[in-house]
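First up is the structure itself, then whatever we jot down about it.
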Amino acid sequence: MWMDTKTEAEEARRKHASLCQRVLNSLLSCTGDMVHLDKYMDDKWFVLQLAVWGLRGVARVILANNPLCGALILAALYWASPWQGLLGTLGVLTSTLTAVIMGQDSAEVSAGLHGFNGMLVSLLMGVFSSTGDWYWWLLLPVCLGSATCVFLFSGLAPVLDRWDLPVAVFPFNIIIVLYLLCTGHDNPYFPHHPAIPPGALEPNGTELIAVEVLRGIPLGVGQIFACGALGPSLLILGAVVLYSPLLAVHAVLGSAVGTLAAFLSAYSDIALRNLLGTVGLPACSWAATLTATLMLLLNGSLAAYRIPIGQVRAPEYNLRSSSQWEAGNTADRESTDV
């Protein structure tokens with residue numbers, strides 16, 4: 001009798017452990033790049049595939065490649081502003097469909113690489129528009145600008161590939177500046193707010209309030225999507241955590257550094273805002289894009305840790321792969337020593 005009870009208890013523990021392991025595996029399958037989802041979507045309807053590609057494009061704005069992260073970010077945008085959420089959705093779908101029609105590389109399309117620039121362009125058009133929300137004529141430049149991003153992406157890619165550099169958000173920065181230059185703040189159909197250089201603002205004191213500084217850290221992450229609300233910004237940060245906790249730590253640190261101290265990228269951003277603000281143009285993300293590109297061009301010991309663009313995945317995966325690669329190289333060197 002005692003043996004039967006013991007056996008039943010062990011069986012119950014094994015079932016409980018098996019259930020916990022299955023739940024954990026299910027949760028882990030939703031993190032990282034979700035490569036298994038691509039195989040599952042191979043034979044599905046094009047509309048479903050397009051939705052996944054678009055959500056990956058949304059997440060690509062924060063350097064993630066996870067459709068669930070993209071869904072959380074899109075939900076955050078609709079939470080902050082349904083109009084901005086609609087513009088972002090239209091932008092990412094337009095640029096992705098344009099890439100499909102143009103016959104761009106299928107791996108790049110399915111990874112969302114042709115969607116994020118179009119999304120950023122559409123969001124910034126909505127932010128700078130002085131016509132207010134639900135101005136339906138704005139959908140015309142949103143679609144045209146998002147589609148043009150694909151042409152710029154395909155044109156810049158062969159040039160930057162020579163140095164193994166990503167196209168990043170160069171198309172977005174170019175298109176949004178050209179759009180604002182062409183329309184102007186007094187355009188009868190597409191007017192926009194002129195950007196104000198930081199030096200033109202009246203000083204409001206230098207006293208730092210701890211609560212406001214802490215609040216500014218998640219808002220700094222949300223500002224990547226032109227989102228200035230705290231709740232949606234926290235949801236966007238949660239999407240980064242879902243993809244990669246390590247990437248989320250870097251995002252928080254980067255936002256905190258920019259809020260408190262300002263290093264190279266923040267100094268460059270201030271300089272560009274002062275320069276472009278004189279003609280009513282925003283600095284967009286030129287500072288971050290140029291700084292990251294220059295960092296990738298560095299030589300010396302730092303270059304040894306750089307991962308080729310085509311092999312970049314979630315940071316945790318990159319760390320494991322790097323450790324395996326270094327271990328393999330060490331073994332090879334030891335085996336060839338005489």
Got a donor-acceptor contact below 3.5 angstrom from the [X] side chain to the [Y] backbone?
X      : Y      : answer
Thr291 : Ala288 : no
Tyr243 : Ala314 : yes
Thr98  : Ala147 : no
Ser146 : Cys143 : no
Ser122 : Leu87  : yes
Arg60  : Ala111 : yes
Thr94  : Gly91  : no
Asp105 : Ala107 : yes
Asn318 : Arg313 : yes

### Query
Pick from Leu276, Leu272, Leu180: which one makes a side chain to side chain contact (heavy atoms under 4.5 Å, CB included) with Pro282?
Leu180
### Message
Please give the remaining members of the hydrophobic cluster of Leu140, linking ILVMFWY side chains under 4.5 Å, ordered by chain and number.
### Response
Leu144
Nearest 0.5 Å, please: how far is [atom2] in [Y] from [atom1] in [X]?
X      : Y      : atom1 : atom2 : answer
Leu86  : Leu139 : CG    : CG    : 6.5 Å
Ile174 : Leu152 : CD1   : CG    : 5.5 Å
Ile176 : Leu124 : CD1   : CG    : 5.0 Å
Phe170 : Ile175 : CZ    : CD1   : 14.0 Å

### For Ser129, side chain to side chain contact (heavy atoms under 4.5 Å, CB included) partners two or more places apart
Thr131, Leu138
### Task
For residues 126-139, pull every pair meeting salt bridge (Lys or Arg N to Asp or Glu O under 4.0 Å), keeping only residues two or more places apart or in separate chains.
none
At their closest point, which heavy atom of [X] faces which heavy atom of [Y], and how far apart are they?
X      : Y      : answer
Ala283 : Arg273 : CB-CG, 3.4 Å
Trp53  : Thr96  : CB-CG2, 4.1 Å
Ser285 : Val169 : OG-CG2, 3.4 Å
Thr278 : Leu275 : OG1-O, 2.5 Å
Pro171 : Cys149 : CB-O, 3.8 Å

### Parallel, tilted or perpendicular: ring planes of His192 versus Tyr179, cut at 30 and 60 degrees
tilted
Side-chain donor-acceptor distances from residues 39-50 under 3.5 Å, at least two apart:
unit_1, atom_1, unit_2, atom_2, d
Lys44, NZ, Tyr40, O, 3.0
Gln49, NE2, Met41, O, 2.6
Gln49, NE2, Asp42, O, 3.2

Under a 4.5 Å cut-off applied to non-hydrogen side-chain atoms, are [X] and [Y] in contact?
X      : Y      : value
Phe128 : Leu123 : no
Val109 : Val100 : yes
Trp137 : Tyr189 : no

### Query
Just checking, any donor-acceptor pair under 3.5 angstrom between side chains of Asn117 and Ser95?
no
Got a list of side-chain donor-acceptor pairs under 3.5 Å for residues 61-82, not counting sequence neighbours?
unit_1, atom_1, unit_2, atom_2, d
Asn65, OD1, Arg56, NH1, 2.9
Asn66, OD1, Leu68, N, 2.8
Asn66, OD1, Cys69, N, 3.2
Asn66, ND2, Cys30, O, 2.9
Asn66, ND2, Gly32, O, 2.8
Tyr78, OH, Gly85, O, 3.4
Tyr78, OH, Thr89, OG1, 3.0
Ser81, OG, Gln84, N, 3.2

### Query
Within a reach of under 6.0 Å around NE2 of His185, are more than 12 heavy atoms found that belong to other residues, nucleotides or ligands?
no
Atom pairs and distances, side-chain donor-acceptor, residues 216-240, under 3.5 Å, sequence neighbours left out:
unit_1, atom_1, unit_2, atom_2, d
Ser233, OG, Ala229, O, 2.6

